[in-house]
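Right, one structure below, let's go through it.
Here is the naming used below: chain letters follow the sequence lines, and residue numbers restart at 1 for every chain.
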Amino acid sequence: MEIRTRFAPSPTGYMHIGNLRTALYEYLIAKSKGGKFILRIEDTDQGRMVLGSVDVIYKTLKTTGLKHDEGPDIGGDYGPYVQSQRMGIYMEYALKLVESGKAYYCFCTKERLESLKEKNDEGLEFSRYDRHCLSLSKDEIEENLKAGLPFVIRQKMPTEGKTTFNDMVYGDITVENSELDDQILIKSDGFPTYNFANVVDDHLMNITHVVRGSEYLSSTPKYNLLYDAFGWTAPEYVHLPPVMRDAQHKLSKRHGDKSFEDLIEDGYIPEAIINYIALLGWSPEDNQEIFTLDELTKSFKLSGLSKSPSIFDIKKLAWMNSEYFKNMDEEKFFTIAKDKLAASINNPLIDLKKVSELLKTRLETLNQIPELVDLFDELPEYENELYEHKKMKTNLENSLDSLVSCLPVLESLKSWDIASIHDAIMALIEEKGIKNGQMLWPIRTALSGKPSSPGGAFELAEILGKEETIKLIKKGIKKLN
RNA sequence: GGCCUGUUGGUCAAGCGGUUAAGACACGGCCCUUUCACGGCUGUAACGGGGGUUCGAUUCCCCCACAGGUCACCA
């Protein structure tokens, strides 16, 4: 049987990292077995709708490569793929349940429901519906309906026995039916609840594997009872542990945690983000860490999914991001770094391509570019102490000597490329009988004005150009005098 | 509070009765080296606690502790 999974986000306006990981696993579960990955928009909570947020979802799936096979934008055989466009369906199915006695009308007011609530020791409220409306006669219901009283439809839960379901990551889970509340299927605004819409849609769309966060674990028995009530076969369940900010808190946008868009904004690349979150809760059979989406698809196995929550570690993402930069070819890296580079360097004489090559192995995020390349625009202010380097065996005196003696060599150079500069300076070093560092550290310092720079003396000199290099060496000499 | 679930180094994690308890990130050291970075080598660091079962438990069972989830006309 063909595997069909669905990503069913609510349009909230941004892509939560946890949701993205869920989408990724849904994609992988389907694609690793040649199945279909479906997008369904769950907008049954009208109060939470955010305009334009569906576009965020499309855009994210596109940039991450999680290509869906069916969805609102591309259609499919099981549409419509937006819940608000499926309204008639839910009521129709709810009524079927009412007819068969598996569900019932409830006219209870908010106030009455409120009075049913109990408080625990910490003052937290919880309640259980007392089935007040279950005993309503046909006539009473008819009368209420005719009078236009607002109503909901509730599922009638069994009061005895147990329900067991199997989860592919958590195994068998059993609960007492008496724990289950008569949950609402249709709300008084006529919209279905998430729980109900899900079951109906998943069945109608032939979803074989329901993948979602572990917070749904405890309501899954209700789902299964619903499938039973309809006489449908329940899907396979794959519940996922949460992605955490720290040991006790889930990642949350509200508490300042980054969404996918935020991470992109911060200079992380989609491939690295996907790769990183794939490994947050899943591990391959070997020790591979760097994966393309295709490679993930090939390696993915449900058995590699973890049961326990994992903390999102931005440091490891940063490392992974840098791995992607290092493994990229020069051209590709340049295309993604170009804009930031151009925005950071105003000097038109600087060859951005060459700078980009230097940066490739020294970068964790794109946003580090400005601070790394500022020296190409203008020499930062620096103290003379910078010339003193123990390991290079340099001090103020020999630094000055090195700068003075390299000046004529550089000035007389005819071709200004890294090889020529290298050969000329190395010849000078040999002639003077000094250590490489004694010459190169002062030059690098004079050219960069910083304790570290993207590239050494030769690279900097080449990129800065002959004129600027000589100017900066002279400036260094002046400072040291 | 009831119910459900989880607990291997600081973090991600492998492990599925017998291992010197992998690997990666981070951190420290060394090497390479014209700085930084890259690369290479290397070090510190873990099975929540208590009972069982067993010749033998990180692995199986029970209890406890801690953490999370859930108990909505939110998803």
In whole Å, I'd like the distance from the [atom1] atom of [X] to the [atom2] atom of [N].
X      : N     : atom1 : atom2 : result
A/F312 : B/A13 : CZ    : P     : 13 Å
A/E215 : B/C71 : CD    : P     : 10 Å
A/F196 : B/C73 : CZ    : C1'   : 14 Å
A/H239 : B/C4  : NE2   : C1'   : 11 Å
A/R112 : B/A72 : CZ    : C1'   : 16 Å
A/K301 : B/A14 : NZ    : P     : 15 Å
A/K222 : B/A75 : NZ    : P     : 13 Å
A/N287 : B/G23 : CG    : C1'   : 4 Å

Using a distance-only test with no angle check, is there a side-chain donor-acceptor pair under 3.5 angstrom linking [X] and [Y]?
X      : Y      : result
A/H389 : A/T445 : no
A/N195 : A/Y223 : yes
A/S84  : A/D43  : yes
A/S178 : A/R128 : no

Review point. So, is A/K110 close to the B/A72 phosphate, meaning a side-chain N or O under 4.0 Å from OP1 or OP2?
Key: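 Checking A/K110 against B/A72: no side-chain N or O falls below 4.0 Å of OP1 or OP2.
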
**Study point:** Phosphate contact (B/A14 OP1 or OP2) by A/S283 side-chain N/O below 4.0 Å
**Key:**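 For A/S283, the contact criterion (side-chain N or O under 4.0 Å from OP1 or OP2 of B/A14) is met.
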
Review point. Tell me the side-chain hydrogen bond (donor to acceptor under 3.5 Å, both in side chains) pairs involving residues 390-400 of chain A, sequence neighbours left out?
Key: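 Matches after skipping sequence neighbours: none remain.
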
Check your understanding: In chain order, what residues pass the salt bridge (Lys or Arg N to Asp or Glu O under 4.0 Å) check against A/E92, with sequence neighbours excluded?
Key ->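 If we apply the salt bridge (Lys or Arg N to Asp or Glu O under 4.0 Å) test to A/E92, skipping adjacent residues, there are no hits.
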
Practice item. Identify, with sequence neighbours excluded, every residue that meets salt bridge (Lys or Arg N to Asp or Glu O under 4.0 Å) alongside A/D423. Key: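 If we apply the salt bridge (Lys or Arg N to Asp or Glu O under 4.0 Å) test to A/D423, skipping adjacent residues, there are no hits.
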
For the [atom1] atoms, the ones on [N] and on [M], what distance do you get once it is rounded to whole angstrom?
N     : M     : atom1 : result
B/G29 : B/A14 : P     : 31 Å
B/G39 : B/C47 : P     : 31 Å
B/A57 : B/C62 : C1'   : 15 Å
B/C27 : B/A72 : C1'   : 46 Å
B/C61 : B/G23 : P     : 29 Å
B/G6  : B/A22 : C1'   : 23 Å
B/G28 : B/U70 : C1'   : 44 Å
B/G17 : B/U58 : P     : 13 Å

**Study point:** side chain to side chain donor-acceptor pair (under 3.5 Å) against A/Y129, all qualifying residues, sequence neighbours excluded
**Key:**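 With neighbours one apart ignored, the set is empty.
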
Exercise for review: Sequence neighbours left out, what passes side chain to side chain donor-acceptor pair (under 3.5 Å) with A/R40? Give chain and number order.
Suggested key: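 With sequence neighbours excluded, A/R40 shows a side chain to side chain donor-acceptor pair (under 3.5 Å) to A/E42, A/D202, given in chain and number order.
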
Practice item. Report yes or no: is the cationic atom of A/K187 (NZ for Lys, CZ for Arg) closer than 6.0 Å to the six-membered ring centre of A/F196, at no more than 45° off its axis? Key: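 A/K187 over A/F196 ring: no.
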
Check your understanding: So what does A/Y276 touch, heavy atoms closer than 4.0 Å: a base, only the sugar-phosphate, or nothing?
Key ->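 If one applies the 4.0 Å heavy-atom cut-off, A/Y276 turns out to touch nothing in the nucleic acid.
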
Check your understanding: Contact class for A/T174 (heavy atom, under 4.0 Å): base, sugar-phosphate, or nothing?
Key ->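 Sugar-phosphate, backbone atoms only, no base.
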
Review point. What salt bridge (charged side-chain N to carboxylate O under 4.0 Å, His left out) pairs are there with at least one residue in residues 168-183 of chain A, not counting sequence neighbours?
Key: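 As it turns out, the salt bridge (charged side-chain N to carboxylate O under 4.0 Å, His left out) pairs with a partner in residues 168-183 of chain A, which skip direct neighbours, are A/R131-A/D182, A/K162-A/E176.
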
Residue matched to [N] through Watson-Crick or wobble contacts both under 3.5 angstrom:
N     : result
B/G1  : B/C71
B/U34 : none
B/A46 : none
B/C25 : B/G10

Give the nucleotide from the list [options] with an atom nearest to the side chain of [X].
X      : options             : result
A/I184 : B/C73, B/U5, B/C12  : B/C73
A/T361 : B/A75, B/A37, B/G68 : B/A37
A/I311 : B/C38, B/U11, B/A72 : B/U11

Salt bridge check, [Y] against [X]: does any charged N sit closer than 4.0 Å to a carboxylate O?
X      : Y      : result
A/D201 : A/R6   : no
A/E383 : A/K479 : no
A/D130 : A/R112 : yes
A/E323 : A/K326 : yes

What N/O pairs connect the protein and nucleotides 42-47 of chain B at under 3.5 Å? Give each pair on its own line.
none

Practice item. Produce a footprint string for nucleotides 25-31 of chain B: one letter per nucleotide, 5' end first; B if the base is under 4.0 Å from any protein heavy atom, S if only the sugar-phosphate is, - if neither. Key: SS-----

Practice item. With sequence neighbours excluded, tell me which residues meet ring-ring contact (aromatic ring centres under 6.0 Å, His included) with A/Y324. Key: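 ring-ring contact (aromatic ring centres under 6.0 Å, His included) check on A/Y324 returns nothing, list empty.
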
Practice item. Taking ring-ring contact (aromatic ring centres under 6.0 Å, His included) as the test, write out the residues that go with A/H249, two or more places apart. Key: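 A/H249: no ring-ring contact (aromatic ring centres under 6.0 Å, His included) contacts found.
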
Point to revise | B/C73 base / A/S188 side chain donor-acceptor hit below 3.5 Å | key: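 Between B/C73 and A/S188, which were checked side chain against base, a qualifying N/O pair under 3.5 Å is present.
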
**Study point:** Nucleic acid contacts of residues 435-464 of chain A, taken as heavy-atom distances under 4.0 Å to RNA chain B
**Key:**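 Going residue by residue through residues 435-464 of chain A, the ones with a heavy atom under 4.0 Å of RNA chain B turn out to be A/N436, A/L440, A/W441, A/R444, A/P451, A/S452, A/S453, A/G455, A/G456, A/A457, A/F458.
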
Review point. Going by heavy atoms closer than 4.0 Å, what residues in residues 378-395 of chain A are next to RNA chain B?
Key: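 RNA chain B contact set from residues 378-395 of chain A: A/K391, A/M392.
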
Practice item. By nearest nucleotide on RNA chain B, pick out whichever of A/V175 and A/R362 is the more 5' one. Key: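 Taking each residue's closest nucleotide, the earlier one in sequence belongs to A/V175.
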
Practice item. For A/L113 and for A/M244, find the nucleotide of RNA chain B with the closest heavy atom, then tell me which residue's nucleotide is more 5'. Key: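 Looking at RNA chain B, the more 5' nearest nucleotide goes with A/M244.
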
